[in-house]
Amino acid sequence: MKLKATLAALVGSALLFGSAAASAETELKVWCWDDHFNVPAAKMAAQRYQARHPGVTVKVESIAQADIVQRLNAALGANNVRSLPDVVLIEDNRIQNFLIGYPDFLKEIGSTIDTSRFVDYKVKASSDTSGKVYGVPFDSGVTATFLRKDLFEKAGYTLDDFQDITWDQFIEMGKKVKETTGVYLFGYDPSDLGIIRVMMQSAGMWYTNNDATKVTIADNPALKEAMLILKKMQDEDLVTYYNGWTQMLASFQQGLVATVVQGCWVTPSVEANTENSGNWRIAPIPKLSTVKESTHYSNLGGSQWYVNNYSKNADVAVDFLNETFATDEQLLNELVTKISLVNSLKDTTKISNYNVANAFFGDQKIYADFARWNTQVPALNYGPHTYAIESVVSEALQRVLAGEDIDEVLKDTQTNAEMQVGL
């Protein structure tokens with residue numbers, strides 16, 4: 001009780017003094033991962049904020065994502081809040097674990113920062129069940145079909161043929177490309193269910209219902225069709241399998257596949273093989289055939305910035321995020337060219353770098369397309385159980401690929417998932 005009272009006093013003092021605290025010598029500690037993406041973005045934001053607030057020092061620490069999750073859980077589980085950073089980056093699929101498991105940890109920012117500026121699905125991901133918002137959306141994982149235009153042209157297709165298609169039509173195109181060029185349509189890691197998530201979210205569905213209180217596997221038409229699509233691709237010999245990030249990169253950088261269906265963050269990796277400059281294009285993802293609500297828009301990955309509510313500098317941390325990632329359009333514009341950032345703003349008219357033609361993609365304005373598609377991604381409550389449920393769904397997929405009856409498999413998996421997460 002003594003610790004909680006002390007923490008409450010600290011938070012209260014921050015609320016009382018807010019901007020005044022920033023005029024004294026204040027250090028903010030930021031945790032994030034990826035030295036080529038999030039870390040340089042945080043450091044650029046720190047430089048801009050420090051220039052306007054000489055009394056504040058922002059220290060950015062690069063820590064692997066898995067280590068951040070482990071450290072947060074360990075510290076919060078032991079009530080060792082003094083070891084926590086002031087600002088932390090958390091992946092969208094993980095945030096509900098912290099909002100539900102440690103409800104006092106993160107500071108509500110929706111009453112201070114105008115989160116209506118951001119696309120709905122990102123705000124939904126960082127909100128609790130009462131509608132309070134805790135995150136400042138950063139990168140989008142809006143998905144696209146990255147395609148080798150030269151290979152599809154050999155099979156008689158143009159970019160227009162990728163507009164408003166289903167996955168079944170996509171497979172038929174892939175069969176012709178394989179026959180014509182010998183190149184696989186698609187690469188897939190059997191241990192990674194990312195593409196399953198992409199297909200489900202494109203139809204506004206997830207492993208759980210809208211308030212994440214019930215497992216929805218046996219009666220999930222999007223999940224069922226997603227598994228059947230992967231089974232059909234396998235049966236038509238259109239898939240090359242890989243294991244992990246390095247092999248995934250090799251699958252398209254070495255020309256083993258004709259398409260890559262991934263989040264927009266894969267763009268720099270596609271561009272890394274300069275020999276194929278001009279041959280790549282992007283298109284919206286195919287949509288599911290059997291689900292009425294299906295769209296061509298989805299998300300894979302993405303994260304948001306959060307403030308530690310226990311920090312004595314919590315208000316300064318909120319101000320830092322508000323002045324940088326929430327409102328500094330010049331910063332966000334520079335990050336397009338610096339790290340290939342697709343931000344989470346609804347209105348991107350002031351992000352002029354989005355409108356630059358990309359020579360690698362045949363002068364397509366790919367970032368303008370990403371930004372437009374990003375506003376149409378269905379909003380979901382991912383809940384706290386995504387990865388726990390996937391531990392059993394992964395086995396189910398292997399059973400379906402092996403030829404077992406999918407309805408029986410999904411029925412079994414429903415029971416196993418309910419036991420796994422206690423719903």
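Everything numeric here is computed off the predicted structure, so don't read it as measured data.
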Step by step, would you call Gln376 with His296 a side chain to side chain donor-acceptor pair (under 3.5 Å)?
CA-CA 9 Å; Gln376 301 178 70; His296 294 288; over 6 Å; no
Is any side-chain heavy atom of Lys59 closer than 4.5 Å to a side-chain heavy atom of Val30?
no
Determine, for Lys232 against Asp235, whether the closest basic-nitrogen to carboxylate-oxygen distance falls under 4.0 angstrom.
no
Does a side chain donor of either Asn97 or Tyr102 reach within less than 3.5 Å of an acceptor in the other side chain?
no
Atom pairs and distances, side-chain donor-acceptor, residues 244-251, under 3.5 Å, sequence neighbours left out:
residue, atom, partner, partner atom, Å
Gln247, OE1, Asn243, N, 2.7
Ser251, OG, Met248, O, 2.5

side-chain contact (heavy atoms from CB on, under 4.5 Å) partners of Ala212, counting only residues at least two apart:
Thr208, Asn381, Pro384
Hey, which of Arg48, Glu323, Gln47 is the one that makes side chain to side chain contact (heavy atoms under 4.5 Å, CB included) with Leu331?
Arg48
Would you confirm whether Asp161, through its side chain, and Tyr157, through its main-chain N or O, come within 3.5 Å as a donor-acceptor pair?
no
Between the side chains of Glu179 and Lys176, is the shortest nitrogen-to-carboxylate-oxygen separation below 4.0 Å, so that they form an ion pair?
no
Working note: Phe105 + Val81, criterion side chain to side chain contact (heavy atoms under 4.5 Å, CB included); need CA distance, chi angles, decisive distance, verdict.
CA-CA 9 Å; Phe105 165 40; Val81 296; over 6 Å; no
Verify whether the ring centers belonging to Phe325 and Phe138 lie closer than 6.0 Å.
yes
Side-chain donor-acceptor pair under 3.5 Å between Tyr49 and Asp319, yes or no?
yes
With sequence neighbours excluded, what pairs up with Thr213 under the side chain to side chain donor-acceptor pair (under 3.5 Å) test?
Asn209, Asp211
Residues that Ser130 engages under side-chain contact (heavy atoms from CB on, under 4.5 Å), provided they are two or more places apart
Asp128, Lys132
Answer yes or no: is there an ion pair linking Asp347 with Arg117, defined by an N-O contact shorter than 4.0 Å?
no
Lys346: side chain to side chain donor-acceptor pair (under 3.5 Å) partners, not counting sequence neighbours
Asp120
Side chain to side chain donor-acceptor pair (under 3.5 Å) against Thr337, all qualifying residues, sequence neighbours excluded:
none
Does any non-hydrogen side-chain atom of Thr348 lie less than 4.5 Å from one of Leu332?
no
May I ask you to decide whether Glu390 forms a salt bridge with Arg197, counting only side-chain N to carboxylate O separations under 4.0 Å?
yes
Residues passing the salt bridge (Lys or Arg N to Asp or Glu O under 4.0 Å) test with Glu172, sequence neighbours excluded, are Lys175
Surrounding NZ of Lys365 (heavy atoms of other residues, nucleotides or ligands, distance under 6.0 Å), is the total greater than 12?
no
Side-chain donor-acceptor pairs under 3.5 Å in residues 278-285, sequence neighbours left out?
residue, atom, partner, partner atom, Å
Arg281, NH1, Gly278, O, 2.8

Side chain to side chain donor-acceptor pair (under 3.5 Å) against Glu61, all qualifying residues, sequence neighbours excluded:
Trp31
Inspect the surroundings of CG in Asn333 and state if more than 12 heavy atoms from other residues, nucleotides or ligands are less than 6.0 Å away.
yes
Which pairs pass salt bridge (Lys or Arg N to Asp or Glu O under 4.0 Å) with one or both residues in residues 65-87, sequence neighbours excluded?
none
For side chain to side chain contact (heavy atoms under 4.5 Å, CB included), just list the numbers for Asn343 and Leu335, CA-CA rounded to whole Å, side-chain angles, deciding distance to a tenth of an Å, and then say yes or no.
CA-CA 9 Å; Asn343 68 56; Leu335 287 172; over 6 Å; no
Side chain to side chain, Pro286 and Thr166, heavy atoms closer than 4.5 Å:
no
Chi angles and distances behind the side chain to side chain contact (heavy atoms under 4.5 Å, CB included) call for Met200, Asn220:
CA-CA 9 Å; Met200 285 196 299; Asn220 188 323; 3.8 Å; yes
Which ring pair (Phe, Tyr, Trp, His ring centres under 6.0 Å) pairs, counting each pair once, include a residue from residues 182-213, with sequence neighbours left out?
Trp206-Tyr382
Write out all pairs satisfying salt bridge (Lys or Arg N to Asp or Glu O under 4.0 Å) with one or both partners inside residues 218-230, taking only residues at least two apart or from two chains.
Lys224-Asp407
Quick one: do the Ser340 and Tyr367 side chains pair a donor with an acceptor below 3.5 Å?
yes
